[in-house]
Amino acid sequence: MRLSRYFLPILKEAPKEAEIVSHRLMLRAGMIRQQNAGIYTFLPLGLKVLKKIEEIVREEQNRSGAVELLMPTMQSADLWRESGRYDAYGKEMLRIVDRHERDMLFGPTAEEVVTDVFRTYVRSYRDLPLNLYNIQWKFRDEVRPRFGLMRGREFLMKDAYSFDVDQEGAIRAYYKMFVAYLRTYKRLGLTAIPMRADTGPIGGKLSHEFIILASTGESAVFCDKELLDLPVPGADVDFDGDLSPVVDSFTSRYAATDEMHDEAAFNALPAERRVAARGIEVGHIFSFGTKYSEPMGAKVAMADGVEKPVIMGSYGIGVSRLIGAIIEASHDDAGIIWPDSVAPFGVGIINLRPGEPAVEAACDTLYGALVAAGKDPLLDDTDARPGAKFASMDLIGLPWQIIVGPKGLADGVVELKRRATGEKQLLSLEAALARVTEKA
RNA sequence: CGGGGCAUAGCGCAGUCUGGUAGCGCACCUGCUUUGGGAGCAGGGGGUCGCAAGUUCGAAUCUUGCUGCCCCGACCA
């Protein structure tokens with residue numbers, strides 16, 4: 001993409017409503033535009049990041065064996081009356097009456113819809129296990145939306161739902177998601193720590209929040225330092241095999257949010273392993289048995305011919321929230337520092353002297369080669385001054401910058417800069433290209 | 001939902017206390033000079049001062065009501 005033909009409204013000063021760093025940087029970098037409290041337009045740059053995160057989430061869900069579908073944003077109140085949640089949910093649910101006076105709602109989650117889909121088609125234990133997921137916009141009419149994308153009212157969520165014949169199968173389904181989540185966050189450049197979560201009135205031990213550490217996190221968290229460096233399974237992990245060693249390696253170490261915190265257990269750790277920090281919740285998984293299958297009649301015939309309600313679990317990742325979370329975890333004074341996996345463009349090329357033939361030619365060569373290599377470059381071909389271009393490129397945080405100017409070209413070199421480290425080196429065009437396109 | 005704050009040009013702000021018909025920086029447009037870390041000079045465009053009533057000869061400024069947004073707390077991907 002050539003910047004002169006793109007839509008990237010960069011702001012020098014952040015609007016005053018933005019307080020936390022990720023919100024400020026997203027507004028300044030022209031990624032989002034607030035339309036209402038907790039409701040945002042995703043501008044082109046923000047949309048590119050959202051799509052990249054979404055795709056990584058999707059790949060890891062698929063790898064674990066979950067199957068994607070797409071459920072509607074508008075749901076019928078009748079389904080929610082079946083589960084008993086229509087009255088229970090409260091004001092967070094946005095309720096709408098259509099032209100025929102039918103009660104509708106903007107889905108805050110999709111247990112009811114997915115259970116309805118399941119009961120319509122699945123009749124036999126032989127069709128299980130099954131895990132259905134979708135990546136869809138949700139709406140929760142939060143009392144106090146805040147922190148930009150961290151707590152919006154309209155947000156993009158991946159929500160998966162598992163169906164099993166027995167508790168043993170449900171645990172297996174839970175473990176698959178547990179491992180898929182570890183892999184997902186790892187690929188996003190984040191260190192996420194699973195923490196035991198309150199299961200509420202449903203009970204059961206199977207509930208974890210995935211938390212990333214960031215000073216601006218919403219909740220206080222406590223954990224064993226060893227959790228920060230535990231190995232995460234590779235892409236070759238066998239999801240049909242025994243995942244409990246992996247899960248146990250995480251769950252056997254102390255980790256809790258403040259509401260689940262056990263001071264005594266925490267203090268039993270050696271002092272140097274105690275981590276007390278702030279955290280951002282980026283995922284939540286739990287197993288809830290027959291809470292929905294029972295009242296909604298989602299049953300399968302067992303081998304003996306008797307019908308039994310299925311055991312369910314649900315697994316959420318806040319996809320749009322992750323944009324904010326990644327920025328909270330990865331930025332400096334100059335702006336965002338994108339992990340390579342989610343960067344909106346792979347490489348930024350700065351043309352310091354648009355209109356000068358040698359510089360233009362070098363930029364065109366780089367641009368063409370990077371496009372061919374699939375690196376999706378952004379070429380700043382505008383006539384802004386060098387300082388402004390450097391500042392903008394640092395702000396939007398692309399992993400690599402190639403700076404092309406007449407002085408360097410006179411010596412046959414361009415400057416290659418790594419955004420994360422600030423490291424700069426003077427290289428020939430070919431060497432810079434090779435460096436940027438080599439496999440990480 | 002309790003507590004606090006803000007609303008003046010696209011963004012950041014001054015002006016409000018003490019009423020006299022709106023200003024600064026950035027951004028934007030034109031021209032010239034400039035060009036390796038947010039350029040300089042000159043000229044220019046853009047605002048029903050959140051909305052509505054009221055007080056007054058006169059309201060951004062005073063009064064009342066409303067709306068929107070932000071922050072702290074309780075709750076959530």
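If you're wondering where the values come from, they're calculated on a predicted model, not measured in any experiment. Lettering of chains follows the sequences in order, A, B, ..., and the numbering in each one begins at 1. What you see below is based on every heavy atom in this structure, not just the backbone, and it leaves out hydrogens, waters and symmetry mates.
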Distance between the C1' atoms of B:rG54 and B:rA59, in whole angstroms? 11 Å
Need the pair for B:rG2. Rule: Watson-Crick or G-U wobble, both distances under 3.5 Å, any strand; none if unpaired. B:rC72
Using atom P in both nucleotides, what's the gap between B:rG73 and B:rG65 to the nearest angstrom? 29 Å
Suppose you measure atom C1' in B:rG12 against the same atom in B:rC6; what distance do you get, rounded to whole Å? 14 Å
Here's a test of your reading of the structure: between A:V282 and A:S392, which maps to the more 5' nucleotide of RNA chain B? A:S392
Strictly under 6.0 Å, is that where the ring centroids of A:H208 and A:F210 end up? no
P atom, B:rU48 versus B:rC66: distance in rounded Å? 26 Å
What contact category does A:K91 fall into here, base, sugar-phosphate, or nothing, at under 4.0 angstrom with non-hydrogen atoms? sugar-phosphate
Using atom C1' of each nucleotide, how far apart are B:rG2 and B:rA77 to the nearest Å? 25 Å
Using heavy-atom distances to pick each residue's nearest nucleotide on RNA chain B, tell me which of A:I10 and A:G148 is more 5'. A:I10
Is there a Watson-Crick or G-U wobble partner for B:rG36 with both distances under 3.5 Å, and which nucleotide is it? none
Both distances under 3.5 Å, Watson-Crick or G-U wobble: report the partner of B:rG23, or none. B:rC13
Which nucleotide in B:rA77, B:rC71, B:rA74 has an atom nearest any side-chain atom of A:V143: B:rA74
Of A:R33, A:Q35, A:Q34, the residue whose pairing with A:T41 passes side-chain hydrogen bond (donor to acceptor under 3.5 Å, both in side chains): A:Q35
Between B:rG20 and B:rC62, how far apart are the C1' atoms? Round to whole Å, please. 14 Å
Once you apply the 3.5 Å cut-off to both distances, tell me the Watson-Crick or G-U wobble partner of B:rG43, or none. B:rC29
Cation-pi, A:Y292 ring and A:R85 (6.0 angstrom, 45 degrees): no
If you check the A:Q34 side chain, which of B:rA77, B:rC70, B:rC72 turns out closest? B:rC70
Give every pair of a protein N or O atom and an N or O atom of nucleotides 35-37 of chain B that lie under 3.5 Å apart, one pair per line with the distance.
| unit_1 | atom_1 | unit_2 | atom_2 | d |
| --- | --- | --- | --- | --- |
| B:rU35 | O2' | A:R353 | NE | 3.3 |
| B:rU35 | O2' | A:R353 | NH2 | 3.3 |
| B:rG36 | O6 | A:G405 | N | 3.4 |
| B:rG36 | O6 | A:G405 | O | 3.3 |
| B:rG36 | O6 | A:G408 | N | 2.9 |
| B:rG36 | N2 | A:E415 | OE1 | 2.6 |
| B:rG37 | O6 | A:K424 | NZ | 3.3 |
| B:rG37 | N1 | A:D394 | OD2 | 3.3 |
| B:rG37 | N2 | A:D394 | OD2 | 2.5 |

Rounded to whole Å, the CD1-C1' distance (A:I396 to B:rG38) equals 15 Å
By ring pair (Phe, Tyr, Trp, His ring centres under 6.0 Å) - contacts of A:Y367 (at least two apart): none
CG of A:L8 versus P of B:rA27: gap in Å, rounded? 16 Å
Contact list for residues 69-81 of chain A, test salt bridge (charged side-chain N to carboxylate O under 4.0 Å, His left out), sequence neighbours left out: A:D78-A:R81, A:R81-A:D103
Please state how far atom CG in A:D141 lies from atom P in B:rC75, giving the value in whole angstrom units. 18 Å
Contacts of type ring pair (Phe, Tyr, Trp, His ring centres under 6.0 Å), residue A:F239, not counting sequence neighbours: none
Taking atom CD1 of A:I56 and atom NZ of A:K51, what is their separation to the nearest 0.5 Å? 14.0 Å
Rounding to the closest angstrom, what is the interatomic distance between B:rC29 and B:rG45 at atom C1'? 7 Å
Sorted by chain and number, sequence neighbours left out, ring pair (Phe, Tyr, Trp, His ring centres under 6.0 Å) with A:F163 holds for A:F118
Footprint string (nucleotides 3-13 of chain B, 5' to 3'): B base within contact, S backbone only, - free, heavy atoms under 4.0 Å: ---S----BSS
Which residues pass the ring pair (Phe, Tyr, Trp, His ring centres under 6.0 Å) test with A:H331, not counting sequence neighbours? none
With ring centroids as reference points, do A:F155 and A:W137 lie under 6.0 angstrom apart? no
A:E142 has an atom CD; how far is it from atom C1' of B:rA74, in whole Å? 12 Å
Roughly how far apart are A:R2 CZ and A:I349 CD1, rounded to 0.5 Å? 8.5 Å
Pick out the pairs of N or O atoms, protein on one side and nucleotides 14-16 of chain B on the other, that lie under 3.5 Å.
none

Pairs in or reaching into residues 400-428 of chain A: which pass salt bridge (charged side-chain N to carboxylate O under 4.0 Å, His left out), with residues at least two apart or in two chains? A:D332-A:R419, A:D340-A:R418, A:D394-A:K417
Could one point to a donor on the side chain of A:R146 or the base of B:rG73 with an acceptor on the other under 3.5 Å away? no
Taking the same atom, C1', in B:rU55 and in B:rC70, what whole-Å distance lies between them? 32 Å
Please give, in whole Å, the distance from B:rC26 C1' to A:R28 CZ? 12 Å
Looking at the rings of A:F147 and A:H23, which for Trp means the six-membered one, are their centres under 6.0 Å apart? no
Give the rounded distance in Å between these two atoms: CG of A:L27 and P of B:rC70. 11 Å
B:rG68 C1' sits how many Å from A:R144 CZ, rounded? 16 Å
Go through the structure and list residues passing side-chain hydrogen bond (donor to acceptor under 3.5 Å, both in side chains) with A:E142, not counting sequence neighbours. A:R151
Are A:D159 and A:K138 within salt-bridge range, i.e. N to O under 4.0 Å? yes
Are a donor atom and an acceptor atom from the side chains of A:Y315 and A:S162 found within less than 3.5 Å of each other? yes
Pick base, sugar-phosphate or nothing for A:Y315, based on heavy-atom distances below 4.0 Å to the nucleic acid. nothing
Dump every N/O contact between nucleotides 28-30 of chain B and the protein below 3.5 Å, one line per pair.
none

Apply salt bridge (charged side-chain N to carboxylate O under 4.0 Å, His left out) to A:D383 and list each qualifying residue two or more places apart in sequence or on a separate chain. none
Classify A:V319 by what it touches in the nucleic acid, base, sugar-phosphate, or nothing, heavy-atom distance under 4.0 Å. nothing
Between B:rA77 atom C1' and A:M150 atom CE, what is the distance in whole Å? 10 Å
Going by purine N1 to pyrimidine N3 plus the second Watson-Crick contact, or the G-U wobble pair, all under 3.5 Å, which nucleotide sits opposite B:rG54? B:rC62
